[in-house]
Structures are given as structure tokens and as C-alpha cells.
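Here's the structure, in C-alpha cells; my notes come after.
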Amino acid sequence: YDGILAGKAYMVAKALSIITTMGRKLGLHLNPAKCEIHCHPASESAAFRLRKLARENGTCIPSDMMDCSGRFPLLGASIGPGKFDSEWVQKSVIASSVEGLKTLCKLQDPQVAFTLLRGCTGFAQFVHYLRTTPLSPEFAQSAHVFDDNTIEAFAALFGQVPKSALAQLRRPLRHGGLGVRSTAQFHAAAYAASVATCAK
């Protein structure tokens with residue numbers, strides 16, 4: 001099982017102690033080598049205090065598993081400043097999506113390729129990041145790059161799309177469009193919906 005503990009150093013250490021003690025009785029054993037400690041750069045001392053408290057409670061977390069940069073991935077989403085968000089998306093999504101789109105364009109059946117573009121390799125591949133990444137100029141730029149790559153793939157399949165037709169291309173099928181949605185356009189709404197759902 002995977003788990004996440006957040007809070008003050010002494011609280012997290014106490015929770016680790018409970019998990020370690022009660023877990024053994026249930027046949028569950030914590031693997032300290034796979035545990036990580038992340039903290040804000042201004043709270044670096046708290047990370048060392050947590051590691052010390054954990055060790056005193058029988059859980060020795062390796063020092064190289066501590067990160068106080070304030071930047072780390074969590075469940076596929078990036079936690080950190082806007083520049084880190086952009087770098088994470090560039091590394092995790094855009095680089096791999098470019099290769100995926102190139103492969104997609106090699107399919108002999110344009111209809112199948114288009115279905116995959118709409119349902120797998122396009123907007124759908126980016127939704128998780130839209131819902132988990134705060135608005136920032138850096139991330140907005142990454143979203144525009146992703147959109148441009150998607151349009152280029154569409155053009156490779158069916159021919160160049162004039163700028164005047166982009167809005168129609170991105171409209172839903174039920175509204176006479178082709179459903180090639182824009183990640184940049186939906187980012188604000190997707191993130192706001194995610195925050196609102198978590199707030200409940």
C-alpha cells in the first residue's frame with residue numbers, strides 16, 4: 001500500500017510510529033527505503049527533526065530520501081512553483097506525446113487515427129495535469145505547446161487547418177465541430193472544478 005502523511009514533524013513521526021507498531025501486528029511492514037520526506041525550503045530543520053523522531057520510533061528513513069527543495073511529484077502531479085510545473089509537464093507529457101503523435105500519423109486508417117487522437121493521445125492525455133496544476137504563465141505556455149503538437153498531428157492526417165477554422169475544429173461534435181479540444185482553453189475551468197470538488 002502507498003500512503004501520504006502531512007503535518008508538523010512530531011505529528012508525522014507519531015503517525016509513522018503507530019503505522020510501524022500496529023502494522024506489524026497485521027502483517028504489514030513499512031519499507032523505510034521507499035519512504036520520502038519532503039518539506040518547504042524554509043522548514044529544512046523540520047525534515048531532520050522528523051527523521052530523528054522517526055529513527056527514535058524505530059523507522060530509519062535514509063538521508064538521501066529527504067528533499068527540501070519544495071519541488072516534487074505527487075500521484076503524477078507536480079508540487080512546486082510554476083516553473084517546476086512546466087518542467088514536469090514537459091518531461092512527463094509533452095516529450096512522450098510528441099513521439100505518440102508521430103506514431104499515430106503513421107496509421108494507415110485516418111479514421112482510427114483521428115479516434116485515437118481525440119480519445120487517447122490528445123486532450124485526454126493532459127486532463128490530469130489540467131486538474132492538478134495551478135494557473136501560471138509557465139504552465140499556460142506548456143499547454144499551448146501541447147495544443148500546437150495536436151493540431152500538427154491533425155494536419156498530418158487531414159491537411160493544414162487554417163486559423164479561421166481552429167475554433168470550429170475544437171467545438172464538440174454535437175455542435176458541429178470535430179472535438180479536438182484545447183488544453184489551454186480548458187485549464188482554468190478544469191483546475192477550478194478540481195479545487196471546488198476538493199473543498200467539499
Side-chain angles (χ1 to χ4, degrees), residues 2-4 6 36 38 40 67 69-200:
D2 293 332
I4 300 165
E36 299 178 355
H38 294 278
H40 191 275
D67 175 51
S69 67
R71 307 176 179 193
F72 59 95
L74 178 62
L75 299 177
S78 57
I79 307 297
K83 186 177 180 181
F84 178 68
D85 291 336
S86 179
E87 291 171 351
W88 174 255
V89 169
Q90 179 69 38
K91 175 183 175 183
S92 303
V93 187
I94 295 179
S96 61
S97 72
V98 169
E99 293 303 315
L101 291 171
K102 286 180 181 177
T103 303
L104 190 69
C105 294
K106 295 178 182 178
L107 289 177
Q108 298 298 315
D109 189 328
Q111 189 67 34
V112 171
F114 178 61
T115 301
L116 292 173
L117 178 68
R118 286 186 60 246
C120 301
T121 59
F123 182 83
Q125 190 176 6
F126 214 83
V127 170
H128 178 68
Y129 301 93
L130 297 181
R131 291 181 60 82
T132 58
T133 308
L135 303 175
S136 72
E138 295 87 357
F139 187 81
Q141 181 62 33
S142 296
H144 282 295
V145 170
F146 186 85
D147 288 343
D148 291 343
N149 291 340
T150 303
I151 294 301
E152 286 178 14
F154 181 88
L157 291 168
F158 302 104
Q160 289 297 322
V161 181
K163 289 185 177 180
S164 58
L166 279 179
Q168 188 68 23
L169 178 74
R170 288 173 169 156
R171 291 173 69 83
L173 295 174
R174 65 180 180 277
H175 292 158
L178 291 177
V180 183
R181 290 179 287 181
S182 163
T183 57
Q185 180 183 352
F186 279 86
H187 184 199
Y191 185 69
S194 180
V195 170
T197 301
C198 292
K200 292 179 182 179

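Along the sequence shown, residues are numbered consecutively beginning with 1. Values reported hereafter were calculated over all heavy atoms of this structure, with side chains retained and with hydrogens, waters and symmetry mates removed.
The minimum heavy-atom distance linking F84 with F72 is given by the pair CE2-N, 3.5 Å. When all heavy atoms of A124 and G119 are compared, the closest pair comes out as CB-O, 3.4 Å. R131 approaches Y191 most closely through the heavy-atom pair O-CD1, 3.5 Å.
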Contacts table for residues 98-114: side-chain donor-acceptor under 3.5 angstrom, sequence neighbours left out:
from, atom 1, to, atom 2, distance (Å)
T103, OG1, E99, O, 3.0
D109, OD1, Q111, N, 2.9
D109, OD1, V112, N, 3.3

Can you give each donor-acceptor pair under 3.5 Å made by side-chain atoms of residues 162-174, sequence neighbours left out, with the distance rounded to 0.1 Å?
from, atom 1, to, atom 2, distance (Å)
Q168, NE2, G176, O, 2.8
R171, NE, H175, O, 3.4

Can you give the donor-acceptor pairs under 3.5 Å from side chains of residues 146-160 to other protein atoms, not counting sequence neighbours?
from, atom 1, to, atom 2, distance (Å)
D147, OD1, T183, N, 2.8
D147, OD1, T183, OG1, 2.7
D147, OD2, S182, OG, 2.8
D147, OD2, T183, N, 3.3
D147, OD2, T183, OG1, 3.4
D147, OD2, A184, N, 3.1
N149, ND2, V145, O, 3.4
T150, OG1, F146, O, 3.0

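In terms of modelled atom types and a separation under 3.5 Å, the side chain of S97 and the main chain of I94 share a donor-acceptor contact.
Every residue two or more places apart in sequence or in another chain that forms a side-chain hydrogen bond (donor to acceptor under 3.5 Å, both in side chains) with H38 is listed here: E36, D67. For F186, the ring pair (Phe, Tyr, Trp, His ring centres under 6.0 Å) partners at least two apart in sequence or on another chain are F123. Among residues two or more places apart in sequence or in another chain, the side-chain hydrogen bond (donor to acceptor under 3.5 Å, both in side chains) test is passed with S142 by S86. Take A77 and apply the side-chain contact (heavy atoms from CB on, under 4.5 Å) test, not counting sequence neighbours, and it matches H128, T132.
Expressed to the nearest 0.5 Å, how far CD of Q185 lies from NE2 of H144 amounts to 10.0 Å. Atom CD of Q90 and atom OG of S78 lie 12.5 Å apart (nearest 0.5 Å).
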Notebook entry, point to check: Should I79 and R71 be marked as a side chain to side chain contact (heavy atoms under 4.5 Å, CB included) after you check the CA-CA gap, both sets of side-chain angles, and the distance that decides it?
Noted result: CA-CA 6 Å; I79 307 297; R71 307 176 179 193; over 6 Å; no
